[in-house]
Amino acid sequence: MLDPKELKKTLNLPKTKFPMKASLPQREPQILKKWKDMNLYGKLREERRGRPKFILHDGPPYANGRIHLGHALNKILKDFVVKSYSMMGYDAPYVPGWDCHGLPIEIKVENQIGRLEDKVKFRRECKKYAEKFVRLQRDEFIRLGVLGEWENPYLTMDPDYEAEIVRHIKGFFQRGEVYRAKKPVYWCPHCKTALAEAEIEYHDHSSPSIYVKFPLKEPEKLAPELEGKKVFVVIWTTTPWTLPANLAIALHPEYDYGVYRDGDEYYIMARLLAPVVEEELGRQMELVHKFTGKEAEGMKAEHPFLDRESLIVLADYVTLEQGTGCVHTAPGHGEEDYQTGLKYGLEVLSPVDDEGRFTEEVPFLQGKTVWEANPIVLEILKEKGMLLHQGEITHSYPHCWRCKGPVIFRATPQWFISMDKKGLRKRALEEIKKVRWIPKWGEERIYNMIENRPDWCISRQRSWGVPIPVFYCKNCGEALTDPEVMENVARIFEREGSDSWFIHPPEYFIPEGTVCKKCGGKEFVKENDIVDVWFESGTSHAVLKNRQDHTWPADVYLEGNDQYRGWFHSSLLVALANEGESPYRQVITHGWVLDEKGRAMSKSMGNVIEPGEIIKDYGAEILRLWVAFLDYTEDVRLGENILQRLTEAYRKMRNTWRFMLGNLGDFSPERDAVPEEKLLPSDRYILTKFRRLAKRVKKLYENYQYYRIAHLIYDFFTVDLSSFYLDITKDRLYCSAEKAEERRAAQSAIFEMAKDSMRLLAPILSFTAEEAWEHLPEFPGKEPSVHLELFPEEKPPLLTSQEEEEWEVLLRYRDLANKALDEARKNGFIGNSLEAKLVFYAGGKDREILEKYQEHFLEIFIVSSWEIKEGEERVEVAKAEGKKCERCWVYHPDVGKDPEHPNLCPRCIAVVKEII
RNA sequence: GGGCCUAUAGCUCAGUCGGUUAGAGCGCACGCCUGAUAAGCGUGAGGCCGGUGGUUCAAGUCCACCUAGGCCCA
């Protein structure tokens with residue numbers, strides 16, 4: 001007689017070196033090293049050569065700072081796309097890129113080393129800064145398990161790339177879509193430079209607060225009884241110096257306005273603000289006429305001190321918080337004023353020079369700074385009797401971040417791409433309809449933006465970027481925008497980079513014999529402005545044309561939903577204008593990363609989670625699983641609780657693989673695989689379910705529905721595998737003879753599911769699938785990395801539809817049996833379910849089905865004995881007959897009858913005899 | 001203020017054309033097992049479907065408004 005210890009040795013218990021504990025933070029770097037050493041990316045390119053292409057074109061992140069969770073979400077999703085399409089059999093190269101030029105880097109560098117007069121030196125520092133963060137971010141992206149051509153990314157500061165930018169600018173000029181016009185920008189009179197929004201600080205500042213009268217022309221048009229009366233539109237302003245540039249007065253179209261009599265004068269203002277003005281003036285006025293803003297549109301007023309008209313216009317931004325509801329509008333001195341000016345075709349006046357001094361356009365102020373001009377304007381207004389009231393106000397006012405002095409809005413010449421001159425807007429709107437937008441509301445969103453956007457101002461008064469390749473005639477100032485000259489510049493940039501612009505004189509770029517078309521001048525000066533960085537990144541589609549292994553247009557762009565305004569937008573315009581069509585066929589967007597409560601992460605809220613922390617504490621795989629489980633088309637949340645859930649889900653999947661691998665320890669697919677027709681019913685059932693799952697998963701990968709995949713596979717692992725199939729087949733796997741056909745049958749099913757689930761999950765659980773793949777038994781054609789594999793080919797279901805219905809009945813009875821067994825356990829009647837005998841009550845067809853499968857009930861219900869009786873559907877629990885077999889723990893009446901093995905059941909005696 | 005979007009159990013997700021008592025997995029509680037063991041199995045409790053009003057015989061689902069949140073713009 002064998003004692004329990006010896007008996008245990010006769011069992012086929014799971015055995016694998018695949019560890020239960022993942023230790024992801026330590027293990028992942030080893031797997032990354034394997035991929036690097038074997039040149040996985042290069043090998044994949046080789047293996048897929050000649051296959052149809054699938055191009056995901058990477059939107060370049062900005063080379064500034066470490067990566068945050070938004071980057072992680074984005075790059076992991078891209079990795080899902082690229083890896084899954086690669087496993088579908090496409091040749092799917094992935095070339096990452098970086099956006100390297102632009103203001104944020106200039107600001108950072110300026111903070112570090114100060115402002116250098118030498119632009120070449122300054123740009124060199126900017127370049128170093130960008131290179132540093134490209135390196136850092138690249139390593140962080142690699143750490144996430146993202147596979148790509150990291151050794152050879154595209155950078156917007158590469159000479160080749162800069163040349164493409166110039167060529168695309170050239171294209172816009174060539175088609176006559178570029179024009180030069182004045183536009184107001186923040187301007188620091190002390191530093192004599194334009195400032196970007198990001199360079200503005202707001203501080204309190206004391207300004208005059210004045211009410212000014214504009215005599216209304218033809219007041220009878222507003223109300224007949226006003227004919228011949230002295231009617232004034234009253235405006236309020238804190239910048240009297242901008243009054244010389246006044247061209248309009250804006251009213252809100254919907255607000256109520258009134259004409260108020262004050263002695264023999266009549267004042268127009270918003271009715272809700274009249275009491276405020278009355279209080280300022282210290283006297284009451286009489287309301288003599290009411291009207292709404294839109295009634296006054298197109299009327300004219302006289303400028304209070306210049307011989308000029310001021311048009312009454314309408315604008316939605318007029319508020320009733322301050323002033324009179326009638327807004328002084330100077331298109332050269334304010335962003336909103338400028339927009340309104342565009343709408344009404346007003347001139348952009350800005351009679352102020354670099355130092356903030358008035359030009360000869362305003363003779364009586366010439367040479368005075370805007371600050372000096374304020375009191376002079378007041379004097380004139382008083383003189384002309386146009387100053388209704390004067391006070392002082394302290395308010396928040398924009399200041400220069402460098403010199404801390406107050407800044408002004410000043411119109412300067414800028415380059416614009418026209419949306420309508422050559423039908424760019426119209427063609428863009430048509431092209432949008434041809435693209436597949438995921439989610440589909442994206443189409444409406446970008447459509448509305450393109451439909452309503454103003455002309456694109458592409459010039460920036462900065463130095464870290466690509467120059468606009470234009471020259472000006474030294475003699476007459478005319479711009480030289482000759483395409484051939486620009487092509488020459490492109491060729492030079494290709495060779496020397498855009499630094500050359502700041503090194504060489506104009507003659508270096510301009511072919512000999514070039515003369516000014518206007519005056520015949522032969523001497524030129526270079527443009528100082530650089531191009532908007534959105535134009536640069538919008539040129540990235542050229543990467544697809546310049547790399548041999550790519551095709552144009554891209555199949556997919558995939559970015560956060562802020563990029564409807566950003567990269568999707570600029571890419572569409574740049575590519576469409578130059579190539580004639582959209583650079584992408586599909587655009588996928590993902591949401592924002594929020595904290596667990598659904599709020600945006602911000603430093604001030606103190607709720608920021610760094611990807612690095614998660615990788616250190618949990619592993620990049622958990623981050624990948626996070627991305628997989630969420631519906632990324634909406635905003636996604638992350639916090640401790642969610643990480644905890646994900647870690648547990650991860651462990652379950654890992655353990656399921658581990659258990660499968662353990663049971664395949666002695667299995668060689670080539671030698672031991674059992675033909676499908678010899679599989680047991682439960683094997684056929686689970687494989688049918690699994691094959692159906694595999695088919696759905698592949699379809700879902702095609703449609704980028706990762707969270708559905710994750711849920712489906714995870715549910716299959718927990719419900720179908722762990723708690724059903726793998727639980728019920730333990731008896732077969734452990735207790736049957738090692739080479740018994742029923743055991744090999746279960747192993748065959750497990751092998752298929754292990755192998756194919758690893759392949760199906762490889763794009764998501766890239767690290768763990770790889771690790772598990774290494775522990776999977778060898779078979780012919782097994783690739784050294786799971787990422788070189790293809791998705792499993794479709795296999796037919798093994799059950800007929802009738803058999804499937806039979807399984808529904810069996811599983812219904814399994815539920816009943818479990819409830820009954822639980823009841824019995826709670827009563828202390830049994831412990832382990834093998835102590836039980838089940839009595840099934842069934843009738844008709846159900847009874848036939850139970851009888852048909854009853855030889856498998858030990859397996860399906862994990863009980864020692866059973867009986868089927870006629871009756872209403874239910875299951876009862878009795879004690880199993882016989883004694884417990886010490887080897888398989890099943891109760892059997894014959895245990896004790898064999899004198900040699902009195903502690904074993906007949907089956908185990910047979911198995912044991914064979915072994916001994 | 002405008003454009004677009006979101007809201008179902010503690011968490012992540014289902015919920016078809018409007019149609020029975022709104023589902024799943026995890027987590028939680030209780031129990032079993034000790035041959036997947038820092039595992040495995042079973043049972044159970046969790047829902048004002050963000051709120052209000054409307055359309056309808058019937059609303060998680062359609063409409064309007066509101067609240068909370070997100071991206072972009074002003």
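Computed from heavy atoms alone, side chains included, the values below leave out hydrogens, waters and symmetry copies. Remember, predicted model here, so these are calculated numbers, not experimental data. To find a chain, count down the sequence lines: A is the first, B the second, and so on, and within it residues start at 1.
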Looking at every strand, decide which applies to [X] at a 4.0 Å heavy-atom threshold: base, sugar-phosphate, or nothing.
X	value
A:R887	base
A:G662	nothing
A:D631	sugar-phosphate
A:R651	sugar-phosphate
A:L11	base
A:E559	nothing
A:T319	nothing

Any salt bridge between [X] and [Y], counting N to O under 4.0 Å?
X	Y	value
A:E6	A:K9	no
A:E443	A:R436	no
A:K294	A:E254	yes
A:K8	A:E886	no
A:D727	A:K730	yes

Report the relative orientation of the aromatic rings in [X] and [Y]; use parallel for angles under 30°, tilted for 30 to 60°, perpendicular for over 60°.
X	Y	result
A:Y584	A:W437	perpendicular
A:Y707	A:H711	perpendicular
A:F724	A:Y685	perpendicular

Please tell me which of the listed nucleotides, [options], lies nearest to the side chain of [X]?
X	options	value
A:Y734	B:G35, B:C13, B:G27	B:G35
A:N655	B:C26, B:G15, B:A36	B:A36
A:E648	B:G27, B:G70, B:A14	B:G27
A:D727	B:C26, B:G44, B:C41	B:C41
A:M20	B:G27, B:A36, B:G35	B:A36
A:R637	B:G3, B:U12, B:G40	B:U12

Nearest heavy-atom contact between A:S864 and A:A880 is CB-CB, 3.8 Å
For [N] versus [M], give the span between their [atom1] atoms, rounded off to a whole number of Å.
N	M	atom1	result
B:U34	B:U21	P	44 Å
B:C33	B:G15	P	41 Å
B:G18	B:C57	P	16 Å
B:G54	B:A7	P	24 Å
B:U55	B:G60	P	16 Å
B:C48	B:G70	C1'	25 Å
B:A9	B:G27	C1'	11 Å
B:U8	B:A24	C1'	13 Å

Are more than 12 heavy atoms from other residues, nucleotides or ligands located less than 6.0 Å from atom CZ of A:R696? no
> Would one find more than 12 heavy atoms of other residues, nucleotides or ligands at under 6.0 Å from atom NZ of A:K879?
Replying inline: yes
Nucleotide N/O of nucleotides 72-74 of chain B paired with protein N/O under 3.5 Å:
| residue | atom | partner | partner atom | Å |
| --- | --- | --- | --- | --- |
| B:C72 | O4' | A:R445 | NH2 | 3.4 |

side-chain hydrogen bond (donor to acceptor under 3.5 Å, both in side chains) pairs touching residues 816-834 of chain A, sequence neighbours excluded, are A:D822-A:K826
Pair assignment for [N], Watson-Crick or G-U wobble, requiring both distances under 3.5 Å:
N	value
B:G18	none
B:U61	none
B:G69	B:C5
B:C28	B:G44

Its glycosidic angle compared against 90° from 0, B:G46 adopts the form syn
| query | With no angle test and no hydrogens, is the base of B:A36 tied to the side chain of A:T656 by a donor-acceptor pair under 3.5 Å? | reply | no
5'-most contact on RNA chain B (nearest-nucleotide basis), A:F659 vs A:F629, goes to A:F629
**Q.** Ring centers of A:Y397, A:Y202 separated by less than 6.0 Å
**A.** no
Set out, line by line, the N/O atom pairs under 3.5 Å between protein and nucleotides 47-50 of chain B.
none

Might you list the N or O atoms of the protein lying below 3.5 Å from N or O atoms in nucleotides 30-34 of chain B, with each pair's distance?
| residue | atom | partner | partner atom | Å |
| --- | --- | --- | --- | --- |
| B:C32 | O2' | A:G831 | O | 3.2 |

The single option from A:R743, A:E742, A:R907 that satisfies side chain to side chain donor-acceptor pair (under 3.5 Å) with A:S736 is A:E742
Those residues at least two apart in sequence (or on a different chain) that pass ring-ring contact (aromatic ring centres under 6.0 Å, His included) with A:Y650 are none
Contacts under 3.5 Å, N or O only, protein and nucleotides 20-25 of chain B:
| residue | atom | partner | partner atom | Å |
| --- | --- | --- | --- | --- |
| B:G25 | O4' | A:D715 | OD1 | 3.4 |

